[in-house]
Amino acid sequence: MLTITQQLTERLGKAIQKIQNSNIPEDYSATVTAATDTRFGDYQTNAAMALAKNLSMPPRELAAEIIKLLEVEDLCETPEIAGPGFINFRVKENTIVSRINEIRKCSRLGVENTHSPKKILIDFSSPNIAKPMHIGHIRSTIIGDCLVRVCRFLGHEVIADNHIGDWGTPIGQVIYGWKNHLDQEAFNEDPIKELLRLYQMIKEKFESDQEVNKACLEETVKLQSGDKESLELWNQFKDITMSGSQKIYDRLGIMFDTSLGESFYDSRLGPLVEDLLCNKIAKESDGAVCVFSNNELEPKNDPLLVKRDGNWIPVPCIIRKKDGGFNYATTDIATIDYRVNEIEAETILYVVDDRQSLHFRQLFEVARQRKINADLKHVSFGKILGDDRKPFKTREGSVPDLSTVLQEAVDRARKVVEEKSNNLSEEEKENVAEKIGIGAIKYAELSQSRVSDYVFSWDKMLSLQGNTAPYMINAFVRTRSIFRKLGNNLPEISEELSISADAERAIAIKLCQYGEIVPEILTDHRPNILATYLYELAQAFHSFYEQCPVLSTEGITKNTRLALCQTTSAVLQHGLGLLGIFPPEKM
RNA sequence: GCUCCCUUAGCUCAGCCGGAUAGAGCAACGGAUUUCUAAUCCGUAGGUCGCAGGUUCAAGUCCUGCAGGGAGCGCCA
């Protein structure tokens with residue numbers, strides 16, 4: 001089952017072959033894309049302009065030549081030349097009708113499985129022990145989950161891995177805090193809050209107070225050498241933290257296949273460093289063990305070099321500290337080994353904020369030097385800002401707690417529901433508020449380009465207009481209300497469709513494109529491509545809904561409109577589902 | 001000091017491998033409701049795509065330089 005783009009691209013390719021001119025580059029592959037503006041038609045190609053120079057022909061003349069050779073009468077009207085040499089295609093009604101009918105019969109809604117399924121491990125969320133999840137975890141968690149859903153749907157084998165920060169110096173700090181400054185009453189009341197207080201207090205002293213610093217490092221060493229009491233405390237902290245995180249994952253509907261924390265890799269670190277020393281990948285420097293540049297890369301592309309006073313000087317990746325301890329990079333290298341050798345992942349995606357880009361470039365460079373055979377990619381993202389364009393904070397100036405943020409979203413959604421949806425029962429209102437609130441948080445995240453920073457705005461994300469969850473959900477609810485009204489009188493929807501009104505045509509074309517859009521998400525791991533598509537679909541549907549009555553019509557018109565509503569409903573539900581959003585039936 | 005990221009309408013943001021007159025939403029203004037849910041739709045107005053060069057038939061998109069903002073930079077994670 002080919003998308004309309006694929007069919008047209010194939011025909012265009014054949015037409016260009018027929019030109020049989022050796023000046024056409026071997027690797028040239030003509031492409032047809034959706035029209036940038038519907039005034040020009042449905043699809044377009046710039047092949048004539050791209051090849052004009054090679055064939056030394058004026059673009060418009062070449063376009064005419066291509067059109068002469070194109071065999072597309074069965075798919076579209078005679079293609080037209082426009083502007084500097086575009087070829088525009090206007091698809092025939094029967095092409096749209098048969099494609100819509102294919103999509104209606106297809107459980108995948110016209111989206112093909114990938115032709116090259118991979119085993120993909122996605123590393124995301126990554127909360128830390130003794131710290132409740134906060135606003136800073138939201139982007140990784142939501143983007144990561146969306147990528148898991150999309151990869152899986154496209155036929156990849158996916159391992160969702162929560163790489164928990166459960167090892168290293170911070171744990172030593174909390175243990176030290178626990179032993180010396182625990183407020184038992186506060187702990188009984190809210191354990192995670194007390195752990196966070198201890199961590200923050202000790203972290204501050206750790207910087208300034210030599211003795212605290214030393215004591216914490218001793219606690220860390222004790223833990224890592226298997227001291228029983230330390231391990232018991234560590235387990236307790238871990239349980240407390242993870243049960244808090246789990247509540248958030250449950251509410252968000254997010255599941256992991258594995259949650260191997262940093263501690264899991266601890267026993268592998270020593271042997272790993274020895275191995276790297278043996279292989280001469282790493283060497284000792286100032287008492288530490290480091291991986292240096294091997295000068296295979298151009299200096300400016302080499303993350304293990306930095307320019308200072310006009311000279312390139314080494315910035316090694318430290319894998320064993322002077323005191324014998326291991327650090328972040330060591331664990332990450334060991335983690336790659338495990339994922340590649342034992343899980344047999346072919347691709348690893350790290351959904352981590354962009355401040356760590358240097359770390360990942362170094363990590364990937366070490367992997368390259370070791371000839372690790374896997375595709376490693378840092379799926380980075382920017383910061384969440386407040387109205388003042390500074391990192392988003394609560395009114396009290398602290399980092400907002402994630403569970404509080406989720407609750408506030410639901411509370412705010414509830415208020416709107418009270419205002420607008422008085423026809424619903426109490427139970428329904430609660431359900432709708434939950435789905436809209438959580439959906440709004442997720443949609444706000446996924447509709448943004450992940451690379452840039454964005455301003456967090458309650459009003460915007462819960463707005464009823466614009467590119468927001470409530471707007472999308474409302475479109476879905478409207479499709480549902482039509483079928484609810486029909487109840488048991490839903491007629492058999494036949495394949496006989498007549499697409500005549502502009503609004504019908506617009507939405508039908510949009511529906512045909514679902515299969516073209518979904519795979520594109522993975523070209524650069526950008527969920528907002530899907531969000532933008534769904535927004536355009538919802539807009540087209542709202543417009544259709546206003547202009548084209550369904551239930552009051554008869555015959556083929558009714559049949560057509562029911563088919564479009566049904567397909568829109570299915571695509572909206574499915575697409576939102578890929579974003580991890582599950583709309584209610586009513587609102 | 002060096003490296004990376006960002007800069008598009010008053011505000012918040014889209015804009016994929018370069019392609020036609022740069023698009024949405026909010027805010028502003030003007031319309032549509034005995035409804036398949038107006039949580040919607042239709043319309044008007046709003047731009048030197050940070051600045052300067054370059055490559056190209058074609059640059060918001062690619063390259064170079066500059067400015068502004070953010071982040072990172074040997075023993076934290």
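Every heavy atom of this structure was used, including side-chain atoms; hydrogens, water molecules and symmetry mates were not. Lettering follows sequence order; numbering is per chain, from 1. Treat the numbers as computed from the prediction; the structure is a model and nothing was measured.
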My understanding is that only residues two or more places apart in sequence, or in another chain, count here; which of them pass side chain to side chain contact (heavy atoms under 4.5 Å, CB included) with A:Glu585? A:Phe476, A:Arg480, A:Arg484
Between A:Phe292 and A:Lys283, is there a cation-pi geometry (under 6.0 Å to ring centre, at most 45° from the normal)? yes
With the criterion being N/O to N/O and under 3.5 Å, what pairs connect the protein with nucleotides 59-62 of chain B, and how long is each?
none

Reckon A:Asn311 has a side-chain N or O less than 4.0 Å from the OP1 or OP2 of B:C2? no
Under-4.0 Å salt bridge between A:Glu365 and A:Arg361: no
Please give the distance between the P atoms of B:A45 and B:A24 as a whole number of Å. 13 Å
Check side chain to side chain donor-acceptor pair (under 3.5 Å) between A:Tyr443 and all other residues, then give those that pass, not counting sequence neighbours. A:Asn467
When the P atoms of B:G68 and B:C51 are compared, how many Å lie between them, rounded to an integer? 15 Å
Phosphate-side-chain proximity, A:Arg389 and B:U12, N/O vs OP1/OP2 below 4.0 Å: yes
For A:His542 together with A:Tyr471, are the ring centres under 6.0 Å from each other? yes
Indicate yes or no: at least one non-hydrogen side-chain atom of A:Val306 is less than 4.5 angstrom from one of A:Ile313. yes
Scan A:Ala50 against the nucleic acid and name what it touches under 4.0 Å (heavy atoms): base, sugar-phosphate only, or nothing. base
Does A:Val455 reach a base, just sugar-phosphate, or nothing at all? Heavy atoms under 4.0 Å. sugar-phosphate
Does B:C5 have OP1 or OP2 sitting under 4.0 Å from an N or O in the side chain of A:Ser357? no
Report, as a single string ordered 5' to 3', how protein heavy atoms within less than 4.0 Å touch nucleotides 20-34 of chain B: B base, S sugar-phosphate only, - not at all. BB--SSS--------
Report which part of the nucleic acid A:Cys548 touches: base, sugar-phosphate, or nothing (heavy-atom distance under 4.0 Å, all strands). base
Length of the CG-P vector between A:Leu305 and B:C2, whole Å: 16 Å
Give one of base, sugar-phosphate or nothing for A:Ser449, where a contact means two heavy atoms less than 4.0 Å apart. sugar-phosphate
Scan A:Val477 against the nucleic acid and name what it touches under 4.0 Å (heavy atoms): base, sugar-phosphate only, or nothing. base
Could you tell me if the ring centre of A:Phe89 sits under 6.0 Å from that of A:Phe40? no
Report which part of the nucleic acid A:Tyr471 touches: base, sugar-phosphate, or nothing (heavy-atom distance under 4.0 Å, all strands). sugar-phosphate
Check every strand shown and say whether A:Lys307 touches a base, only sugar-phosphate, or nothing at a heavy-atom separation below 4.0 Å. sugar-phosphate
Would A:Asp453 and A:Arg389 pass as an ion pair if we require N to O under 4.0 Å? no
Just the atom pairs and distances: protein N or O near nucleotides 65-69 of chain B's N or O, under 3.5 Å.
none

Go ahead and write out RNA chain B as dot-bracket, 5' to 3': ( ) for pairs within the strand, [ ] for ones crossing earlier pairs, | when the partner sits on another strand, dots for unpaired; Watson-Crick or G-U wobble, both distances under 3.5 Å. (((((((..((((.....[...)))).(((((.......))))).....(((((..]....))))))))))))....
Given the rule in the side chain to side chain contact (heavy atoms under 4.5 Å, CB included) test, do A:Gln224 and A:Phe326 qualify, once you have shown the distances and angles that lead to the verdict? CA-CA 10 Å; A:Gln224 298 188 344; A:Phe326 305 109; 5.6 Å; no
